[in-house]
Amino acid sequence: ITVGFFSDVREPRINNRGDIAFLGRAERGTVGFTQGLWVDPVTGDLELIASTNDPAPGFAPDITFESFSDQFAINGQGRLAFGAQVSGDSLPSRPGGLWMQTDTGSLSLLAAGGMPAPGTSAGVVFSDVDDTSFSYNRNGQLTFLAQVTGNDVTADNNLGIWTANSDGVVELLVREGQQLEVAVGDFRTISFLNFTSPGANGNQEGRRSSLSDRGEALFRAQFDDGTAGLFVAQLIPEPSTGTIAAFFLFGFCLRVCRRRRAGMCLGLLLVVAPVSATQASDLEVVALTGGKLADGATFGNFMQFPQINNSGDVLFVPALSGGSNSGAIVVRQDGAFRVVAQTEAPLPGLEADVILERIPSAPIFNANGEVAFQAVGRVTELGAITNRDAVWSEGGGGGLRLIAQYNSQVPDTQLGIVYAGFGWLSLSDNGRLLMQAGIDTGPSSGSPRATTNGWWLESPVGEIGRAHV
């Protein structure tokens, strides 16, 4: 492929070994300018993975990629997964689809609008999935959230989670309308499903994930009795041809393992049939409505989006007994709950009369279970929210510490330039925090005070410095 120059490069992603993927628009010889997904590996040359006007694998030869979603990810092996729309004369519409690179590097279509949905009855097909949320791990396993339509599909069973192995074989993991046995004899019907926050990740980009590199898939299930729970499914490695294993279909009841790590299962309901790589062997209950923390606080619903790291730890934000605003940031680690921060409690680094009011965005954590988050404080004497928006991190050990707060001086800037707000956070496995923040640059030439955005990076010794403005 001859590339003249790039006219646009955006949405970069990077994995742990330094491979970079990005969405770009480039001149391609006589073809002209096309949009494409590129990978720049640490070793080797820049490689075009997919481009507009090129044939879309999994479709008829005349069907080509029309556009690419910003939902794409690169995993630890430098393989890409992405959403895209296709077009062609033989198609009545422009469906969206989800593709991934297999172990051989070829592209495999996992799901597309109008394509039969594995694990469902005849006549049930996927809706468009080009902008779906998915997680993609180092081993080439992928989980994605998708809607279906067709025979006997209603608002009560039109959403599910599917998994794919490194060869692109897709299986149903769990679906609305299905029953889970959350304790012996306690069957509950799923009314809603979700997993990590909307978007795509390859598990090594500092983004929230619902699939660990160990093949543990995390999801949240809301039940028709008003309760909810967080569950981890262990995906099975690829069996040999003809292997007999367990798999789940819509309508079957899943019995849940209480402690997968200890190898204890309370009687998983199995269907014996030949399957491929990605079926869940068992489910582990992480937390349920009515469960308790060590101090006796009771879980209500589970807010925000749960996450799992590559050590199998789970981070979540539950609502707790004691009021509608009562909540906490909790890590489930080695079978025990650890409370990182809790509403109505003091926070380190702030005045003694400032307590945690609310958690406005989902926290993040790294492979060591260290957490970073943004939150809003309240002065207890006033009883009202004040501008105490701030960022905390446990990265690097030593406990929770204040990183930056609203209206405080911004490092590496002139005196009087202060933080005006905080955005995206990323926490590396070595504990370094990358933080997006708005800064108040002060009045200029008689104009009102102005704000701009920038990035700040924590140094190995815990100092915050400007990464890019």
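When atom types are taken as modelled, the side chain of Gln342 and the backbone of Ala328 share no donor-acceptor pair closer than 3.5 angstrom. Panel note: side chain Thr189, backbone Gly177; no donor-acceptor pair is recorded below 3.5 Å. Side-chain atoms of Arg432 come within 3.5 Å of backbone atoms of Glu458 as a donor-acceptor pair (strictly under, hydrogens ignored). In this structure a side-chain-to-backbone donor-acceptor pair under 3.5 Å is missing from Arg138 to Arg214. Under the 3.5 Å distance criterion, the side-chain polar atoms of Asn368 are matched with a main-chain donor or acceptor of Asp429. Not a single donor-acceptor pair under 3.5 Å links the side chain of Trp38 to the backbone N or O of Leu46. Under the 3.5 Å distance criterion, the side-chain polar atoms of Ser321 are matched with a main-chain donor or acceptor of Thr298. Counting only distance, with no hydrogens or angles, the side chain of Arg175 and the backbone of Asn157 share a donor-acceptor pair below 3.5 Å. Side-chain atoms of Asn151 come within 3.5 Å of backbone N or O of Ala122 as a donor-acceptor pair. Checked by atom type and distance alone, the side chain of Arg13 pairs as donor or acceptor with a backbone atom of Phe72 at under 3.5 Å.
By the 6.0 Å contact criterion, CG on Asp295 is enclosed, its count of non-hydrogen atoms from other residues, nucleotides or ligands being greater than 12. Within a 6.0 Å radius of CG in Asp152, no more than 12 heavy atoms belonging to other residues, nucleotides or ligands are found.
The minimum heavy-atom distance between Ser393 and Leu433, with the atom names listed, is CB-CD2, 4.4 Å. Closest approach of Val125 and Gly114 over heavy atoms only: CG1-O, 3.5 Å. What you find for Phe68 and Gly36 is that their closest heavy atoms are CE1-CA, 4.0 Å. When all heavy atoms are compared, the tightest approach of Asn75 to Asn137 is ND2-O, 3.0 Å. Counting all heavy atoms, side chain and backbone alike, Ile190 lies closest to Val174 at CD1-CG2, 3.5 Å. Minimum heavy-atom separation, Trp99 to Pro57: NE1-O, 2.8 Å.
In this structure, CG in Asn158 is found 7.5 Å from OG in Ser127, a value given to the nearest 0.5 Å. To the nearest 0.5 Å, the span separating CG on Asn301 from CG on Leu320 amounts to 11.5 Å. Rounding to the nearest 0.5 angstrom, the gap separating the CZ atom in Phe305 from the CG atom in Leu218 is 12.0 Å. With rounding to the nearest 0.5 Å, the separation of CG in Leu142 from OG in Ser166 is 11.0 Å. Distance CZ/Arg332 to CZ/Phe337: 7.0 Å, rounded to 0.5 Å. Note that CG of Asn309 and OG of Ser209 are 9.0 Å apart. Values are rounded to the nearest 0.5 Å.
Exactly one residue among Leu315, Leu400, Val339 makes a side chain to side chain contact (heavy atoms under 4.5 Å, CB included) with Ile329. That residue is Leu315. None of Val169, Leu110, Thr143 except one satisfies the side chain to side chain contact (heavy atoms under 4.5 Å, CB included) rule with Thr163; the exception is Thr143.
Side-chain contact between Asp224 and Arg188 is absent, with no heavy atoms from C-beta onward closer than 4.5 Å. Using a 4.5 Å heavy-atom threshold, the side chains of Phe82 and Leu107 count as touching. At a threshold of 4.5 Å between non-hydrogen side-chain atoms, the residues Pro41 and Asp19 count as touching. Counting heavy atoms from C-beta on, the side chains of Phe192 and Glu176 come closer than 4.5 Å. Looking at Thr64 and Phe59, their side chains never come closer than 4.5 Å, going by heavy atoms from C-beta outward. Using a 4.5 Å cut-off on side-chain heavy atoms (C-beta onward), Phe144 and Gln71 make no contact. Residues Thr227 and Leu288 fail the side-chain proximity criterion, which asks for heavy atoms closer than 4.5 Å. Taking 4.5 Å as the limit, some side-chain heavy atom of Leu180 sits within range of a side-chain heavy atom of Phe223.
For Phe231 and Phe219, the ring centers sit closer than 6.0 Å to each other.
In the model, Ser210 has a side-chain atom that pairs as donor or acceptor with a side-chain atom of Ser135 under 3.5 Å.
Ring geometry for Tyr136 versus Phe134: interplanar angle over 60°, hence perpendicular rather than tilted (30 to 60°).
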**OP:** List the steps and the verdict of side chain to side chain contact (heavy atoms under 4.5 Å, CB included) for Val371 and Trp392.
**Re:** CA-CA 8 Å; Val371 177; Trp392 287 264; over 6 Å; no

Original post:
Between Leu145 and Ile161, does a side chain to side chain contact (heavy atoms under 4.5 Å, CB included) hold up when you go through it step by step?
Top reply: CA-CA 5 Å; Leu145 189 71; Ile161 298 172; 3.6 Å; yes

